[in-house]
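This one's a predicted model, so the numbers in the text were calculated from it and none came from an experiment. Keep in mind that the numbers below use all heavy atoms, side chains included, and drop hydrogens, waters and symmetry copies.
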Amino acid sequence: MNRAYDEIKIHLPQKADYVSLIRLSVSGIASKLGFDIDTIEDIKVAVSEVCNRIISIKPDDGEFNYDITFHLFETGFKAMFTVNNALRRQLFEGESGEFAKAIISSLMDSFEITCNGDCVITMVKNLGD
Amino acid sequence: MNRAYDEIKIHLPQKADYVSLIRLSVSGIASKLGFDIDTIEDIKVAVSEVCNRIISIKPDDGEFNYDITFHLFETGFKAMFTVNNALRRQLFEGESGEFAKAIISSLMDSFEITCNGDCVITMVKNLGD
Amino acid sequence: MFKMMMDNNAQAERIVITLQGEIDISSAPEFKAELYEMVGDGQKDIALYCSDLSYIDSTGLGILVGALKRVKSHQKNVYIYQLRENIRKLFHITGLDRVFILEEPV
Amino acid sequence: MFKMMMDNNAQAERIVITLQGEIDISSAPEFKAELYEMVGDGQKDIALYCSDLSYIDSTGLGILVGALKRVKSHQKNVYIYQLRENIRKLFHITGLDRVFILEEPV
Ligand SMILES: Nc1ncnc2c1ncn2[C@@H]1O[C@H](COP(=O)(O)OP(=O)(O)O)[C@@H](O)[C@H]1O
Ligand SMILES: Nc1ncnc2c1ncn2[C@@H]1O[C@H](COP(=O)(O)OP(=O)(O)O)[C@@H](O)[C@H]1O
């Protein structure tokens, strides 16, 4: 993958209320990139599943905010979700977590989680496959 | 206006391509807040006009990124556009600038520009007027 | 935004429910409450009509599984009709196509 | 995304153009080029049908004014039909409702 030609970052509260907003924004981005309707649906699903997992974290000290960064490439796009001080275990724990992971891995071209104090969840979808 | 209960921030390139994405996101936010369809249209228009003005700045050193921050209140919402190192004169200059200012002031409940190194353009729309 | 309607006939042998719109993490609590109310103890087969269901996430799927468990405990089943292709794919990925009875598209 | 169609009749006394969709800063260059091509030197009246124009920003309005100037220089005019309420409001705010000939909604 070459260098991203553009970057869009959304910073938002960890609330179920805003997931549909993210779906709306992500479908705007994906259709601008030239993905077909079915793939746009898949991208919405995968992005929502990550948001769901982030929302399912119940921190002791109330709700937090998280960041979604989209990198736009000629060849596709990458979404990165950054959650401060999360634990991998919290993010995809339990049966639902496993289901979410299966859905995302199956719909996206790559999907990985790196936790190191903060957790960064990265997914990539290429155009034309 | 009371304290904002939520904040959503979008960081994006200064490109005409992304204004429709902002309209999409802003209509999601406005409808979540409970604005009626006509007011949602007005909000989309006002927000786009600010984006247009920001996009019309042609800096010597290529394109830049800017931030839009939405503050959500029980009573309405506030949008703040932050442009680094811009000049007020650049932002709303000329006849088009005056037209844009007229449109925004007329559609929103408040609208102001504060330049101090960075420029911050702030607009507020209250629910139910 | 989602909507659900039940074909209201206490005599019928199965409960017919139509799902519409988007079922996601924010509409899930309402969906769960309404669905479980319609399903009751799970003494009847459930038929779900989904031609206007445009979106469902894993939260919603989990709720469907919960309903399935209730009816299974009475040897009944959940039949799903007119699933859109993008949603059918999710049932396939999660293996739920082998758990529910998915009626083939005509 | 916007679309524009011209009623293609070289003999007609006026140029009839239908506008559809969204005209904003990103579609403006294309809109300007196509409109000015249709308007030509500005020797004929222009009729714009806007019932399916869902959005236009100040960039688009500026382009319409540019077209108006061309036809005004030949004592012709721009007539605008079926403007949606939200867009009519923009013409009012900018004073353009007194510059173009806005036909009243029926
Ligand atoms: N993403 C998913 N896809 C399919 N089924 C799921 C998914 N998540 C959960 N389930 C199923 O739904 C059932 C209930 O889900 P769970 O998340 O444990 O909620 P609860 O037990 O509180 O109702 C589980 O038995 C599980 O098999
Ligand atoms: N927001 C606006 N609303 C209405 N008319 C506008 C607006 N912006 C510009 N105009 C008009 O459009 C004409 C052309 O606009 P301008 O921005 O100067 O572009 P140019 O001169 O390069 O075509 C101007 O005469 C001005 O009156």
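- With salt bridges taken as basic N to acidic carboxylate O contacts below 4.0 Å, none links D/Lys89 and B/Asp38.
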Evaluate the criterion side-chain contact (heavy atoms from CB on, under 4.5 Å) for residue pair B/Glu41 and D/Glu85; output intermediate values, then yes/no.
CA-CA 10 Å; B/Glu41 274 310 309; D/Glu85 212 34 64; over 6 Å; no
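- Looking only at side-chain heavy atoms (C-beta outward), B/Ile37 and D/Asn86 stay at 4.5 Å or farther from each other.
- We find the CD1-CD1 distance between D/Ile25 and B/Ile55 to be 4.5 Å, quoted to the nearest 0.5 Å.
- Atom NE2 of D/His92 sits in a sparse spot, with 12 or fewer heavy atoms from other residues, nucleotides or ligands closer than 6.0 Å.
- No more than 12 heavy atoms of other residues, nucleotides or ligands lie within 6.0 Å of CE in D/Met1, so this atom counts as exposed by the packing criterion.
- For the residue pair D/Ser26 / B/Tyr18, no side-chain donor-acceptor distance below 3.5 Å is found, with atom types taken as modelled.
- Using a 4.5 Å cut-off between heavy atoms, B/Ser56 does not touch chain D at all.
- Looking at D/Ser27, there are no atoms closer than 4.5 Å to chain B (heavy atoms on both sides), in backbone or side chain.
- Note that OG of D/Ser58 and CD of B/Glu98 are 12.0 Å apart. Values are rounded to the nearest 0.5 Å.
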Does the pair B/Val45 and D/Tyr55 meet the rule for a side-chain contact (heavy atoms from CB on, under 4.5 Å), with working shown?
CA-CA 8 Å; B/Val45 167; D/Tyr55 181 83; 3.7 Å; yes
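- A side-chain N or O of D/Asp57 and one of B/Asn52 form a donor-acceptor pair less than 3.5 Å apart.
- Other residues, nucleotides and ligands place more than 12 heavy atoms under 6.0 Å from the NZ atom of B/Lys15.
- For B/Lys9, the NZ atom sits in a loose shell: 12 or fewer heavy atoms of surrounding residues, nucleotides or ligands are nearer than 6.0 Å.
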Using side-chain contact (heavy atoms from CB on, under 4.5 Å), reason through D/Asp24 and B/Ser48 one step at a time and then give a plain yes or no.
CA-CA 8 Å; D/Asp24 78 348; B/Ser48 295; over 6 Å; no
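- For the atom pair D/Leu96 CG and B/Phe99 CZ, the distance stands at 5.5 Å (nearest 0.5 Å).
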